[in-house]
Amino acid sequence: MPHFRRILVANRGEIALRVIRTAQEMGIETVAVFSDADRNALHVRRASCAVHLGGSRPAESYLDIDKVIGAAVATGCDALHPGYGFLSEKAAAAEACRAAGIEWLGPPPDAIVAMGDKVQARKIAMLAGVPLVPGLQEDVDADRLVAAAREVGYPVMLKAAAGGGGKGIRIVREEKQLVEAFELARAEARGAFGDDRVYLEKFVTRPRHVEIQIMADKHGNVVHYGERECSVQRRHQKLVEESPCVALTPALRERMGAAACDLARAVGYVGAGTVEFLYSAGEFYFLEMNTRLQVEHPVTEMRYGVDLVREQIRVAAGEELAPVAEPRGHAIEVRVNAEDPNTYFPSLGRLSRMSLPGGPGVRLDSAMFRGLEVTPYYDSMLAKLIVHGEDRAQAIARCERAIRELRIVGVSTAMPVALRVLHNAEFRAGDYDTGILERIDRSLTPERRELAMLAAVAARFLVAERAGAKSADGDGDARQRVPVWSMLGRGERLWRNRS
Amino acid sequence: MPHFRRILVANRGEIALRVIRTAQEMGIETVAVFSDADRNALHVRRASCAVHLGGSRPAESYLDIDKVIGAAVATGCDALHPGYGFLSEKAAAAEACRAAGIEWLGPPPDAIVAMGDKVQARKIAMLAGVPLVPGLQEDVDADRLVAAAREVGYPVMLKAAAGGGGKGIRIVREEKQLVEAFELARAEARGAFGDDRVYLEKFVTRPRHVEIQIMADKHGNVVHYGERECSVQRRHQKLVEESPCVALTPALRERMGAAACDLARAVGYVGAGTVEFLYSAGEFYFLEMNTRLQVEHPVTEMRYGVDLVREQIRVAAGEELAPVAEPRGHAIEVRVNAEDPNTYFPSLGRLSRMSLPGGPGVRLDSAMFRGLEVTPYYDSMLAKLIVHGEDRAQAIARCERAIRELRIVGVSTAMPVALRVLHNAEFRAGDYDTGILERIDRSLTPERRELAMLAAVAARFLVAERAGAKSADGDGDARQRVPVWSMLGRGERLWRNRS
Amino acid sequence: MKYFAELDGEQREFVVERRAGKLWVTTGDRTFELDLSLVGDGATFSLLVDGHSYDVVADVERDQVTLQMVGERFAVRVEDERERAAHAVAGNKVGGKRELRAAMPGIVVDLKVGEGDAVEEGQTLVVLEAMKMQNPLLAEGPGKVVRLCCKKGEAVAAGALLLEIE
Amino acid sequence: MKYFAELDGEQREFVVERRAGKLWVTTGDRTFELDLSLVGDGATFSLLVDGHSYDVVADVERDQVTLQMVGERFAVRVEDERERAAHAVAGNKVGGKRELRAAMPGIVVDLKVGEGDAVEEGQTLVVLEAMKMQNPLLAEGPGKVVRLCCKKGEAVAAGALLLEIE
């Protein structure tokens with residue numbers, strides 16, 4: 001007997017697909033919701049049913065609680081999965097579900113509120129005995145900010161109280177930048193979260209970002225599935241995650257796991273959650289708790305042989321937590337974002353071709369399809385590549401192999417950077433911190449440059465040849481005639497304009 | 001330190017890619033070999049180096065021992081992996097490797113000879129105390145055949161002595177068909193294996209095909225990784241494989257595993273091998289031993305968390321076998337062949353589009369790429385879809401989900417049949433035999449038919465509409481103008497003619 | 001717009017209208033609301049039927065529509081009124097001649113009959129080797145071989161006419 | 001056929017000949033044997049360089065060749081002799097004017113300078129919001145804003161000219 005009859009998946013992209021997959025495997029129907037821009041999205045095509053919400057801006061669609069809950073009611077859903085982002089950490093959405101008699105596949109509204117306000121969360125963590133980063137402030141304004149920053153010492157971090165997932169964070173290294181950065185951070189926070197509160201924190205040196213995956217049921221049981229190391233970040237956006245974290249001793253892991261479970265208990269938590277810590281030199285500090293499924297949850301799934309979405313559904317239906325299996329091997333995730341590998345600016349365009357990795361120990365969570373338009377409306381993550389190996393060395397080698405197999409044409413990705421991370425001596429030694437990406441050597445060897453030039457020259461020659469150049473030395477005809485593949489290209493472009 | 005410096009992969013298709021992947025992960029270079037037809041094949045593009053062998057017929061390329069060993073020598077390889085099929089069970093190839101000082105990533109020539117001759121193999125098995133199917137004959141000619149078949153009773157099976165993998169097998173139900181079938185089988189055996197010996201065996205009723213995966217090192221250690229159930233077959237070609245086999249008790253599994261290991265020891269086996277058994281009503285009978293990696297080996301890899309190719313390489317390099325881990329969960333493999341789902345005839349053509357499955361517990365081993373021409377030169381397997389679940393029910397649901405995600409355009413596959421297998425009551429109960437595919441109900445529900453008609457009508461309407469039909473009731477213009485996507489289609493066809 | 005669809009021998013009539021961006025398809029006494037959207041790759045559609053979602057790969061070659069959806073492969077014949085009328089006329093020309101064609105490319109390794117031979121149902125006519133298998137092609141019913149169009153040892157393309165039986 | 005390739009500031013000359021079905025590419029004092037084959041999808045190549053194999057996705061837009069291979073993305077400029085001569089002439093026209101363009105589509109949420117303003121290196125010129133992030137666009141060097149081409153609140157396309165500095 002299925003736990004629920006029909007789940008509304010209040011999200012898009014790979015995470016919507018992720019939830020749909022598990023629901024299908026559990027025999028539960030799914031209802032997708034979609035914006036104008038997502039009419040052809042894979043989550044719409046793979047769900048049992050689909051409901052159109054409205055315009056392409058999130059506020060008109062995925063962020064509109066009334067529309068989303070309305071769709072759930074209209075289609076007879078008995079549960080709703082918020083994914084990550086969008087409504088996932090909005091207590092009001094959880095409340096609205098409750099009011100409509102729909103099970104929210106996430107924690108109770110109180111827990112969301114308690115952990116969603118970063119200032120509040122710190123207080124609760126302190127009471128629960130969880131260690132904190134020094135220097136946090138509340139009731140921050142420009143004047144108090146300057147004084148507080150002097151007290152904890154530069155560099156300092158500015159964080160949006162309503163932020164999360166690396167959004168709304170700025171590092172300030174000198175006092176003269178502080179006030180402008182504060183104003184920018186407030187403006188961003190207002191725009192992104194509708195809440196312009198920003199707080200300040202000591203910037204811990206050589207920190208590692210280590211987080212604990214927890215799960216709680218409705219019977220008071222709380223378990224953790226070990227840690228994920230997420231220190232490979234740029235602009236506080238994670239690029240590579242792994243589990244286990246090489247730096248932790250078993251004793252430290254148990255202390256962190258226990259602290260995370262204590263925090264969950266302190267707020268009456270139910271479902272999946274992640275407690276983020278800074279780790280530095282044998283000490284760990286509470287950063288924040290994410291009251292939702294995390295992007296990088298598959299790293300944990302690969303190691304523990306657990307389906308965390310399935311567990312979310314099971315505990316929401318009132319079942320008891322399954323025992324946590326012994327973890328096996330090592331898992332690594334790489335986020336495949338549509339972005340320029342040098343500037344990390346979003347790379348927009350149309351996915352004209354893809355070639356996906358496969359073989360042993362490789363998982364791809366993605367909502368990519370040929371023809372997908374990457375638009376500025378949503379975040380730029382195209383896919384998550386997750387590998388599992390018997391040990392860290394095999395996982396790294398496998399990850400490298402899989403990245404080389406992955407080809408995406410139409411937008412660029414930071415995969416060349418991810419490969420450099422996997423080759424980096426600090427990373428290989430496991431002795432790295434959140435600054436690793438800034439230190440990555442991006443230079444090319446002379447052999448690589450020569451190879452690329454050879455290939456480029458040969459490709460150009462072949463194009464000219466195929467285009468009908470009559471003699472080996474070329475008489476200009478090559479550039480007059482249209483090569484066959486550029487005809488194809490134009491066909492696709494023509495098509496694109498019409499569709 | 002890598003075990004070998006460079007491995008020649010004497011194969012093509014997904015298995016060549018499979019070997020290349022593991023070698024890459026172990027830091028070992030790979031040399032691909034290719035025929036004319038395979039110039040653009042993925043195994044050529046993914047290997048470190050590639051050597052052209054010659055014409056498209058196997059005899060001119062992958063089966064030509066001199067050319068293959070010559071390529072290995074010329075490129076400085078210190079090992080050769082034969083994959084399955086082609087040279088994998090040719091003792092002469094193993095001998096030639098030895099003579100050239102190249103490590104053969106398979107068993108010693110003697111073991112190949114002993115097990116390759118099915119008549120000889122039966123004798124060895126009998127001596128090793130492994131149970132046999134009654135009624136086997138040697139020195140078969142037409143006269144003796146008729147007498148022998150009468151003795152064991154119809155139906156009987158005719159098998160090529162040099163065959164394997166379901167090739168060169170015929171079932172004969174009546175005496176009047178026996179001689180013609182024998183001649184056909186001999187002709188086929190001569191063409192396929194260059195050896196026209198055919199033998200006869202009792203056809204066991206309601207048999208299950210259950211096989212044991214073994215591995216032996218050079219230090220006398222032999223282990224097994226449990227069984228695979230391969231009873232979902234048509235024309236003796238496997239379609240769906242799973243592990244564990246629901247019918248086996250732990251005691252029976254241990255007896256079969258021990259028998260398989262005994263047989264391996266009896267022939268001084270080294271490397272990966274599979275001992276195939278017929279299982280029926282609590283009894284098992286030796287069928288044959290495949291002295292190579294099996295197509296369906298990933299089913300075992302998923303359950304045991306082992307990389308069998310890595311183990312092959314390790315034991316060939318003289319290392320000791322790693323201990324066998326406790327198996328976890330349930331794994332299912334589906335073979336994706338380019339074939340008509342009704343006639344099982346090969347479906348040739350060009351892969352114009354693909355959409356691949358992903359998400360948790362899904363592995364795809366494939367050498368498919370967009371633009372691949374499926375030719376009559378080689379066997380029709382495009383890919384293997386393997387799933388792993390916590391239990392059999394989850395594995396079945398996951399497999400169904402993944403099959404639905406897999407889309408291949410350009411050739412047809414038997415995936416609709418595989419889906420029916422997964423839905424079949426016998427299969428779900430685990431109570432099936434090698435006849436299951438013949439009993440599968442292929443009829444469509446009226447709802448499905450209506451849905452397909454609706455979709456087809458709507459698709460045709462949209463084509464006409466986009467082609468420029470001016471009014472809703474259509475005035476014939478729709479058929480005059482060229483719809484945009486048929487322009488695209490023609491572009492691709494034009495392209496195909498030129499490439 | 002009226003269409004006639006045929007699948008597995010079942011024939012149905014459908015009326016399609018475009019209204020308010022949607023397709024309204026009527027068959028028998030029921031009407032379905034369809035939202036059909038072509039995905040960027042040119043052959044995949046997202047189809048919503050009364051809110052139920054289907055991911056469809058469709059290949060439309062005039063009246064032959066090949067679909068991949070719900071894990072199945074469907075070959076549906078869809079005619080509009082004009083085509084139906086044209087086919088009805090052409091259909092009268094069908095005679096008693098049957099053709100044996102190669103279902104796949106291969107090599108004719110044996111020819112078991114000659115021109116003028118009488119054949120029985122189930123009799124082996126041709127042995128075609130393809131994908132390393134020898135496939136006997138059988139007579140679907142009794143008749144007489146009126147034309148042989150292949151030779152032993154010949155390589156034939158998919159769809160090639162091998163012989164005719166009357 | 002002679003080509004001039006440029007990558008990361010390094011320039012090299014290549015001579016390509018077709019002989020016996022292969023490409024022979026000479027650069028400096030070395031010659032490579034290349035076998036370049038286009039895969040059916042129209043943008044992927046199998047490249048063998050002296051027997052070493054590379055899987056290459058190439059996009060050739062006149063002299064701009066974008067490659068994906070060995071896990072890297074390369075943007076190589078490849079000119080033939082004629083193009084090189086033409087570009088050499090055009091190159092003389094480059095003046096001291098620099099353009100600030102939007103690297104991605106977004107919304108101009110703030111304009112920190114006006115026409116005629118002097119700016120220093122590293123100074124914030126425009127704040128562009130895209131993908132939910134506010135990105136300050138900085139001056140790459142000192143100069144004077146000679147033209148403003150965008151307004152606060154305006155949505156701009158990728159590559160849109162935002163302002164000019166002299």
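Source: prediction; values computed, not measured. Chain letters run A, B, ... following the sequence lines, proteins first and then strands; every chain starts at 1.
- The existence of a salt bridge linking Arg147(D) and Glu115(D) is excluded, since no basic side-chain nitrogen approaches an acidic carboxylate oxygen closer than 4.0 Å.
- Proximity to chain A is limited to the side chain of Tyr54(D), based on heavy atoms less than 4.5 angstrom apart.
- Within the 4.5 angstrom heavy-atom criterion, no atom of Glu400(A) approaches chain D.
- The choice from Thr27(D), Val76(D), Val49(D), Asp55(D) that makes the most heavy-atom pairs within less than 4.5 Å of chain A is Asp55(D).
- Heavy-atom pairs under 4.5 Å with chain A were tallied for Leu36(D), Asp8(D), Leu47(D); the largest tally goes to Leu36(D).
- In this structure, the side chain of Arg398(A) does not engage the main chain of Arg401(A) through any donor-acceptor pair within 3.5 Å.
- If you measure heavy-atom distances from Leu34(D) to chain A, the contacts under 4.5 Å come from the side chain alone.
- No salt bridge links Arg190(A) with Glu188(A); every basic N to acidic carboxylate O contact stays at or beyond 4.0 Å.
- In terms of non-hydrogen atom pairs under 4.5 Å with chain A, the most contact-rich of Thr66(D), Val70(D), Val25(D), Asp63(D) is Val70(D).
- Of the atoms belonging to Arg30(D), it is side-chain heavy atoms, and not backbone ones, that fall under 4.5 Å from chain A.
- Your options are Val78(D), Val56(D), Val65(D), and the one with the most heavy-atom pairs under 4.5 Å with chain A is Val78(D).
- Side chains of Thr26(D) and Thr31(D): a donor-acceptor N/O pair is present below 3.5 angstrom, by distance only.
- No hydrogens or angles considered: nothing links the side chains of Ser56(A) and Tyr378(A) as a donor-acceptor pair under 3.5 Å.
- Aromatic ring centroids of Phe86(A) and Tyr62(A) lie under 6.0 Å apart.
- With a threshold of 4.5 angstrom between heavy atoms, Glu79(D) approaches chain A through N, CA, C or O but not through any side-chain atom.
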